[in-house]
Amino acid sequence: MKCRICGRKAAVNMRQHKLALCRDDFLEWVPQQVERFIQKYKMFTREERVLVAVSGGKDSLGLWDILIRLGYRADGVYIGLGIDEGIAYSGKSQELCEKFSSNHGLTLHVVDIRKEYGHPVPVMSELSRRGKGKPCAVCGLVKRHVMNRAAREMGYDVLVTGHNLDDEAAVLFANTLHWEGEYLLRQGPLLPGREGLVRKVKPLCRIYEKEMAAYTLLRDIDYIYEECPFAAGSTTTYYKELLNKLENDHPGSKMTFYVKFLKSRQSGLFVEKEKIQQSLHPCPNCGQLTSTDDLCSFCRMIDKISQ
Amino acid sequence: MSVKIIMRDKEYEVRPGMNLMSALKKLDILPEAVIATRDGDLILEDEILKDGQVIKLVSVISGG
Ligand code: SF4
Ligand SMILES: [Zn+2]
Ligand SMILES: [Zn+2]
């Protein structure tokens with residue numbers, strides 16, 4: 001296969017775009033695409049201060065690299081979850097983030113959950129008895145809360161995460177299977193800022209997971225290849241595999257599934273009930289918006305484990 | 001005569017002469033879920049595999 005731009009041997013073939021590119025042209029193409037979607041969904045500008053949530057994985061480090069190449073003012077935040085499980089997962093991830101930021105002369109903020117809240121995430125999960133043996137529910141809650149808090153306290157305009165198209169399509173698939181109305185109303189490339197909540201955006205939402213892996217490899221970015229030990233057998237992985245089977249037989253299916261969802265919603269497929277909007281109020285303890293009656297789920301969890 | 005294909009801690013062998021697409025199919029690996037490399041270069045599905053080559057597959061799916 002040959003590169004469509006220069007005719008040299010292609011390194012990446014994107015069947016959903018009917019586009020094969022060589023290494024050099026692919027490495028130019030990805031940032032151009034990301035820039036296009038930052039503009040299209042009005043995510044942020046070059047004047048704003050951007051905080052990238054980095055995990056040490058291919059997507060978030062690749063994204064940070066892309067934003068810097070595009071000339072955005074992007075700093076990083078790493079959340080130390082304290083997941084060790086015999087393979088020093090969090091420790092290694094943190095090292096890779098630190099290495100990337102020092103290699104490129106970038107600012108990385110580190111929030112250590114154990115230091116801030118007394119326990120690593122797996123222990124928090126046990127103490128709060130949420131999530132049936134898997135810390136993922138608590139982990140997600142902690143990450144969302146702490147990322148938002150970090151962005152607010154340090155005065156960033158926008159919080160950026162590395163979710164790629166496969167992540168978004170898998171979440172959409174799960175939400176559709178269960179007809180999660182509220183989530184279907186909110187899921188998207190941009191979540192506007194509101195009281196206590198900073199604007200959240202996903203610049204990779206139209207880039208395939210495979211493309212991000214290729215980008216990170218070709219840019220020689222050292223990322224954590226091992227999975228979080230708790231990710232094994234997750235439903236997200238299962239849905240991604242299902243969607244990849246579909247994609248394999250019908251290139252472009254994943255993309256269509258996600259993009260048409262966004263378009264249909266915009267043209268009124270889902271009508272928003274005012275009730276859903278109004279039921280949100282700021283948590284009396286931390287000030288972040290919540291739909292629960294009193295304290296937000298994060299503060300209730302912290303309350304419970306410190307008793 | 002064989003081509004070695006490595007994925008995480010697993011090793012497979014396939015016959016030379018087939019292309020990468022057929023090799024992945026034979027091993028029941030979805031091309032969407034992996035990137036294939038040979039001596040550090042990315043190779044595509046139409047690449048004919050030759051005797052003695054070592055192909056490393058990088059899994060692209062991350063869950064969690
Ligand atoms: S797999 Fe679960 S525990 Fe591990 S990082 Fe993801 S959400 Fe957290
Ligand atoms: Zn080219
Ligand atoms: Zn709260």
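The figures that follow rest on heavy atoms only: side chains count, while hydrogens, waters and symmetry mates do not. Each chain gets a letter, A, B and so on, in the order the sequences are listed, and its residues count up from 1.
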Heavy-atom closest pair (A/D167 atom, B/S62 atom, distance to 0.1 Å) is OD1-O, 4.3 Å
Part of A/Y239 lying under 4.5 Å from any heavy atom of chain B: neither
Whether over 12 other heavy atoms sit under 6.0 Å from B/K25 NZ: no
What closest approach, in Å, do B/L42 and A/A11 show between heavy atoms, and which atom pair accounts for it? CB-O, 3.5 Å
Counting only heavy atoms closer than 4.5 Å, note whether A/K58 contacts chain B via side chain, backbone, both or neither. side chain
Of all heavy-atom pairs between A/E241 and B/I61, which one has the smallest distance, and what is that distance? CG-CD1, 4.0 Å
Proximity breakdown for A/N244 and chain B, heavy-atom pairs closer than 4.5 Å: both
Quick one: CD on A/E247 to CG on B/L30, what's the gap to the nearest 0.5 Å? 10.5 Å
OH of A/Y183: more than 12 outside heavy atoms within 6.0 angstrom? no
Please answer whether the main-chain N or O of B/R8 pairs with a side-chain N or O of A/Y225 as donor and acceptor at a distance below 3.5 Å. no
Can you give me the closest heavy-atom contact between A/N248 and B/E32, atom names plus distance? N-CG, 4.4 Å
Given that the side chain runs from C-beta out, which part of A/L243 has a heavy atom under 4.5 Å from chain B: side chain, backbone, both or neither? neither
If I take atom CD from residue A/E211 and atom CD1 from residue B/I35, how far apart are they, to the nearest 0.5 angstrom? 8.5 Å
Does atom NZ of B/K56 have more than 12 heavy-atom neighbours from other groups under 6.0 Å away? no
Atom of A/Y223, atom of B/V58 and distance for their closest heavy-atom approach: OH-CG1, 3.7 Å
How close do B/V34 and A/K210 get, counting heavy atoms only, and between which atoms? O-CE, 3.2 Å
